[in-house]
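Everything on this sheet refers to the single structure shown next.
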There are 2 protein chains.
Amino acid sequence: MNSVNSTQLQPELTKLGIRLRRLRHQRNWTLEALAKQTGISEAYLSRLEGGERQPSLSILFTLAGAYNVAISSLFEPEQTAESCVIVRAANAVIQEGQGLLYTPLSSGNRFTSLHPMRVTVTANRQGDHLYQHEGEEWLYVLTGQLQLTIEDEEYFLQPGDAAHFDGRTPHRLSSVGGSDVEIILVACAPPHPLRGSHS
Amino acid sequence: MNSVNSTQLQPELTKLGIRLRRLRHQRNWTLEALAKQTGISEAYLSRLEGGERQPSLSILFTLAGAYNVAISSLFEPEQTAESCVIVRAANAVIQEGQGLLYTPLSSGNRFTSLHPMRVTVTANRQGDHLYQHEGEEWLYVLTGQLQLTIEDEEYFLQPGDAAHFDGRTPHRLSSVGGSDVEIILVACAPPHPLRGSHS
DNA sequence: AAGATAATTTGCCTAGCGGTCAATTTTTTC
DNA sequence: GAAAAAATTGACCGCTAGGCAAATTATCTT
């Protein structure tokens, strides 16, 4: 009665194995070389890379050390190595949400982490809602005067000013001075954002 | 003769335990509740959080599932929850490197992932060097005309255009049209960059 | 093509640790 | 204070992580 496999385990093990093997091949190492370096037997390494064994953390730490990568990187979703996405000012697609005007500055999900956009905070809009999300956020004021509220702190930003803050602390944007504010906003989301929490 | 502990294991286990406990407390869950939900015994959970046991991957996957977080996040360095960093245009600190002029737009390392900067590509500079680094890169042209070379592809960007690419593919910036180019550049580095590889 | 050598995989085994139950201790509540 | 809830610990077992050595497959050499 092991209800363990809510996230099916085997495919994850296979993926892990593949990543490990790729790391090794990238370095042109043989199983023997790796075994000698880490003190782990060739046989076991082979089984790991085949996804036939479930490595203990100590093994994972050792391997991550040998490859000089973070353990977490062994579990991160594959980077789609799409080379480049260009978004032209001419083709801007403006979206509306919560009284703000958005223009995504990258076509979405080919890259995982960065989510850049151009945002227009319309004049006299009073930001009612406090935003809160995983990851970091950074913004840069192009034109206008921005009022940035972080939790209970207030900042006033001029064109050329930048702000960098933790997305988890409640924040809000509004314009001051009676004219629209144009900003560049870049969010950086972790690979697997925490969605609505608890039961 | 287990040469496993190159990266000392025990402290990592402790850290992991602390993270797990924090996740549980954040949700106001009791060991019993978590045990019931996951099918893992309270006793064992307690030991895990105390760092006294080395969880198997299947256990980790189950827990990550219960908390709805990525497994990798269990191994990532603590996010320093510093709330906000403001950089004023007035206080810009200009640095020079490789023929480019940099202005960091966030004061460094309090946040891990995002590294925003304003870059001036001086006129007629010929980007000789091809850059290559971990993580993603995104840029936005403020003024001037930029020539962006990604591997063997060439792109010409006008003010307002944006580009998003994988930092690992070799890339280079240069100016065209005989005038300086001002851009916003945001790099997104993974927590633990791969430093110089292999032996 | 066939030896020879390097590289990986597989059969088989077991020590040790992951994981549980039940009892004990600590913390909270009223 | 007692009583209930939450967390920890002792003692134990089964399973599997991981090693050894033989077998297989891939890579050279000539």
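In the text below, chain A, chain B and the rest are named by the order of the sequence lines, each starting its count at 1.
Note: CD (A/Glu52) to P (D/dG19) measures 15 Å, nearest angstrom. Taking atom CG on B/Leu57 and atom P on C/dG18, their separation rounds to 12 Å, with Å as the unit. Residue A/Glu32 contributes atom CD, which lies 20 Å from atom P of D/dT25 at whole-angstrom precision. Rounded to whole Å, atom P of C/dT28 lies 13 Å from atom CG of B/Asn28. In this structure, CG of A/Leu20 is placed 16 Å from C1' of C/dT8, rounded to the nearest angstrom. When the P atom of D/dC15 is taken as reference, atom CD1 of B/Ile59 falls 15 Å away, rounded to whole Å. Atom P of nucleotide D/dA7 and atom CG of B/Leu45 are separated by 10 Å, given to the nearest angstrom. Between B/Leu60 atom CG and D/dA17 atom P there is a gap of 13 Å when expressed in whole angstrom units.
Distances shorter than 4.0 Å separate some side-chain N or O of A/Arg24 from OP1 or OP2 on C/dT8. For the pair A/Ser46 and C/dT8, the criterion of a side-chain N or O lying under 4.0 Å from OP1 or OP2 is not met. Considering only side-chain N and O atoms, A/Ser56 lies under 4.0 angstrom from the phosphate OP1 or OP2 of D/dG18.
Summary of the strand contacts: B/Tyr44 and A/Glu42 both lie near DNA chain D, and taking for each the nucleotide with the nearest heavy atom, the more 5' one is attributed to B/Tyr44. Take the nearest nucleotide of DNA chain D for A/Leu48 and for B/Arg53: the residue whose nucleotide is more 5' is B/Arg53.
With C/dG19, C/dT9, C/dT20 as the choices, the nucleotide that has an atom nearest any side-chain atom of B/Ser58 turns out to be C/dG19. Listed nucleotides D/dT9, C/dA7, D/dA17 differ in distance to A/Gln54; the shortest reach to its side chain belongs to D/dA17. Side-chain proximity of B/Thr30 to C/dT9, C/dT20, D/dA6: nearest is D/dA6. Checking D/dG19, D/dA7, C/dT9 against every side-chain atom of A/Arg21, the shortest atom distance belongs to C/dT9.
A/Glu49 comes within 4.0 angstrom of no nucleic acid atom, judged by non-hydrogen atoms across all strands. Note on B/Ser41: a base of the nucleic acid sits closer than 4.0 angstrom, heavy atoms only.
The closest side-chain donor-acceptor pair between A/Thr143 and A/Glu182, if any, does not fall under 3.5 angstrom.
No hydrogens or angles were tested; on distance alone, a donor-acceptor pair under 3.5 Å links the side chain of B/Arg47 to the base of C/dT20.
Here the closest heavy-atom approach between residue B/Val121 and residue B/Ser175 is recorded as CG1-N, 3.7 Å.
Side chain of A/Ser46 to backbone of A/Glu42: no donor-acceptor contact under 3.5 angstrom is found.
Hydrophobic clustering, with ILVMFWY side chains joined whenever heavy atoms are under 4.5 angstrom apart, keeps A/Val176 apart from A/Leu139.
When each of B/Arg22, B/Arg21, B/Lys15, B/Arg19 is checked for a salt bridge (Lys or Arg N to Asp or Glu O under 4.0 Å) with B/Glu49, only B/Arg21 meets the rule.
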